[in-house]
Amino acid sequence: MSTRIPFLKGHGTENDFVIVPDPENAIDLPPAAVAVLCDRRAGIGGDGLLHVVRSAAHPEARHMAPEAEWFMDYRNGDGSIAEMCGNGVRVFARYLQRAGHVAEGDLAVATRGGVKTVHLAKDGDVTVGMGKALLPEGDVTVSVGERSWPARNVNMGNPHAVAFVDDLSHAGDLLSPPLFSPAAAYPDGVNVEFVVDRGPGHVALRVHERGSGETRSCGTGACAVAVATARRDGADPTATGTPATYTVDVPGGTLVITERPDGEIEMTGPAVIVADGEIDAEWLATATRA
C-alpha cells in the first residue's frame with residue numbers, strides 16, 4: 001500500500017461521504033478501516049465511504065462491467081456493506097465528472113443494488129434512476145420510547161420502514177435504531193423514516209440509517225417515503241398511468257422524487273465535492289489495529 005492514499009470529501013443534501021478513488025481495486029478497505037475514516041473526530045468524517053472501482057476490477061461487479069464501467073463499492077459509516085445509497089450515487093457521479101472520467105449527460109453506475117442510470121445536468125443537479133420499489137406485504141410497526149406507529153415496508157434495493165407521525169420530534173434523538181416488529185420483516189436491519197406532511201405533494205422526513213445512525217439525508221429513504229406517501233394518498237402510477245412527484249425535505253436540503261407509470265423512480269438533487277487530500281496509510285494501519 002502506498003504511504004499516501006488520495007481521497008475526496010463530498011455530500012448530497014448533507015449526506016456526506018469519504019471518497020476513495022481506486023480504479024484497479026488495489027486498496028484494502030476492511031470494515032475497521034472504513035469506520036476509522038468515517039469517524040468524525042478521529043478520522044475524516046462521513047456517513048459512509050464511496051470506494052470508486054472499475055467494475056471489471058471488482059469481483060462483485062464484473063458481471064455488470066458490460067453495462068457500467070464504474071462500480072460504487074459503498075460502505076456504511078460503521079464499515080458494513082450496503083446494497084445502495086441514492087445520495088451516494090449522485091456524489092459518485094459528480095466525482096467521476098470532476099476526475100474527467102465522464103461528461104455532462106447520461107452514464108451508468110454499477111451498485112450492489114444493480115446498474116443505476118444517472119444524468120448530470122448542466123444546472124448542476126444530478127438525477128438518478130433508482131429502479132422500482134418493492135412493497136412487501138405484512139404489517140410492520142416501529143417504536144421510539146412509548147410511541148409506536150404502523151409503517152410501510154418499502155424496499156429500494158435496501159430495506160425501509162416508513163412511518164407517518166404528527167411531529168418529527170417524536171422520532172427522538174435517533175442515536176439508537178428504532179425498534180421494529182416483526183423481526184422477520186427485516187432480518188438484516190432496516191432504515192427507518194419518520195414523515196410529516198408539509199403540503200400537497202410535499203413532505204419532510206427524519207431518518208435513522210442502518211449502520212450510520214441519523215443522517216442529514218437518505219436518497220433511497222426519500223424514494224421510499226415518496227412511494228409510501230403516494231400509496232397513502234391513493235396514487236399508484238403503474239395503475240393510473242400518471243406520474244407521481246413529491247418534494248421531500250430532508251434535514252440537509254430538498255430532493256424531488258418522481259415515480260413513473262412504468263414503476264421506475266427518479267431522484268433529483270444536488271451533489272457537491274468539497275475537498276480533496278491524502279490519507280496517511282501508516283496512520284490508517286495503526287488506527288485500524290487500535
Side-chain angles (χ1 to χ4, degrees), residues 11-16 40 46-48 76-78 80 82 84-87 130 133-156 158-235 244-257 259 265 267 269:
H11 77 90
T13 50
E14 298 183 11
N15 195 186
D16 62 333
R40 297 193 181 280
D47 293 322
N76 292 315
D78 65 355
S80 60
M84 175 55 185
C85 176
N87 287 316
M130 298 290 288
L134 298 178
L135 300 171
E137 295 183 358
D139 295 331
V140 175
T141 300
V142 299
S143 303
V144 175
E146 297 181 354
R147 291 189 172 95
S148 295
W149 304 269
R152 187 70 187 247
N153 188 345
V154 183
N155 194 292
M156 287 298 308
N158 56 0
H160 295 269
V162 180
F164 294 92
V165 300
D166 294 328
D167 193 299
L168 290 179
S169 66
H170 292 171
D173 59 25
L174 291 182
L175 295 176
S176 300
L179 300 177
F180 64 87
S181 64
Y186 303 109
D188 299 316
V190 65
N191 305 287
V192 182
E193 287 80 27
F194 298 89
V195 186
V196 296
D197 287 296
R198 292 287 191 236
H202 190 179
V203 294
L205 69 80
R206 288 179 64 198
V207 57
H208 183 283
E209 286 198 63
R210 179 183 55 170
S212 297
E214 182 173 17
T215 59
R216 301 283 294 169
S217 181
C218 177
T220 56
C223 293
V225 164
V227 171
T229 306
R231 300 304 182 271
R232 183 206 63 178
D233 294 345
T245 297
Y246 285 86
T247 298
V248 181
D249 293 339
V250 297
T254 298
L255 296 166
V256 176
I257 313 298
E259 184 179 9
I265 297 168
M267 174 185 62

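Only a predicted model underlies this, so the values are computations on that prediction, with no experimental measurement involved. Basis for what follows: all heavy atoms, side chains included, without hydrogens, waters or symmetry-related copies.
Contacts of N76 classified as side-chain contact (heavy atoms from CB on, under 4.5 Å), with partners at least two apart in sequence or in another chain: Y74, D78, S80, A82, S212. Remark: D16 pairs with K9, R40 by the salt bridge (charged side-chain N to carboxylate O under 4.0 Å, His left out) rule, at least two apart or across chains. Residues satisfying the ring-ring contact (aromatic ring centres under 6.0 Å, His included) test with F164, not counting sequence neighbours, are none. Applying the salt bridge (charged side-chain N to carboxylate O under 4.0 Å, His left out) test to R152 and every residue at least two apart in sequence or in another chain returns nothing. Under the ring-ring contact (aromatic ring centres under 6.0 Å, His included) criterion, F194 pairs with W149, sequence neighbours left out. Every residue two or more places apart in sequence or in another chain that forms a salt bridge (charged side-chain N to carboxylate O under 4.0 Å, His left out) with D197 is listed here: R232. Looking at residues two or more places apart in sequence or on another chain, you find a side-chain contact (heavy atoms from CB on, under 4.5 Å) between A224 and V154, M156, H160, V162.
Here the closest non-hydrogen pair linking S217 and L255 is OG-CD1, 3.9 Å. Closest non-hydrogen pair, A222 versus I257, comes out as O-CG1, 3.9 Å. Considering all non-hydrogen atoms of both residues, E193 and C218 come closest at OE2-SG, 4.4 Å. Scanning all heavy atoms of the two residues, the minimum distance from C223 to I265 falls at SG-CG2, 3.8 Å.
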Extract all donor-acceptor atom pairs below 3.5 Å that involve side chains of residues 202-211 and protein atoms in other chains or at least two apart in sequence.
from : atom 1 : to   : atom 2 : distance (Å)
H202 : NE2    : D249 : OD1    : 3.3
H202 : NE2    : D249 : OD2    : 2.7
R206 : NE     : E214 : OE2    : 2.8
R206 : NH1    : L168 : O      : 2.9
R206 : NH1    : G172 : O      : 3.0
R206 : NH2    : G172 : O      : 2.8
R206 : NH2    : E214 : OE1    : 3.0
R206 : NH2    : E214 : OE2    : 3.3
E209 : OE2    : T215 : OG1    : 2.7
R210 : NH1    : D188 : O      : 3.2
R210 : NH2    : E83  : OE1    : 2.8

Donor-acceptor contacts, no H, no angles, side chain residues 135-148, under 3.5 Å, sequence neighbours left out:
from : atom 1 : to   : atom 2 : distance (Å)
S143 : OG     : S148 : OG     : 2.7
R147 : NH2    : H170 : NE2    : 3.4

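Using a 4.5 Å cut-off on side-chain heavy atoms (C-beta onward), Y246 and V225 make no contact. Contact annotation: the side chain of T13 never approaches that of T254 to less than 4.5 Å [non-hydrogen atoms, C-beta and beyond]. When side chains are defined from C-beta on, C85 does not count as touching D47, because their heavy atoms never get closer than 4.5 Å.
Residue pairs meeting the salt bridge (Lys or Arg N to Asp or Glu O under 4.0 Å) criterion with at least one member in residues 163-175, sequence neighbours excluded, do not occur.
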TODO: Dump the intermediate steps for side-chain contact (heavy atoms from CB on, under 4.5 Å) on V190 and F180, then the final yes or no.
DONE: CA-CA 9 Å; V190 65; F180 64 87; 3.7 Å; yes
- [ ] Please report the C-alpha distance between L174 and V192 in whole Å, then the side-chain angles of each, then the deciding distance to 0.1 Å, and finally whether the side-chain contact (heavy atoms from CB on, under 4.5 Å) criterion is met.
- [x] CA-CA 10 Å; L174 291 182; V192 182; over 6 Å; no
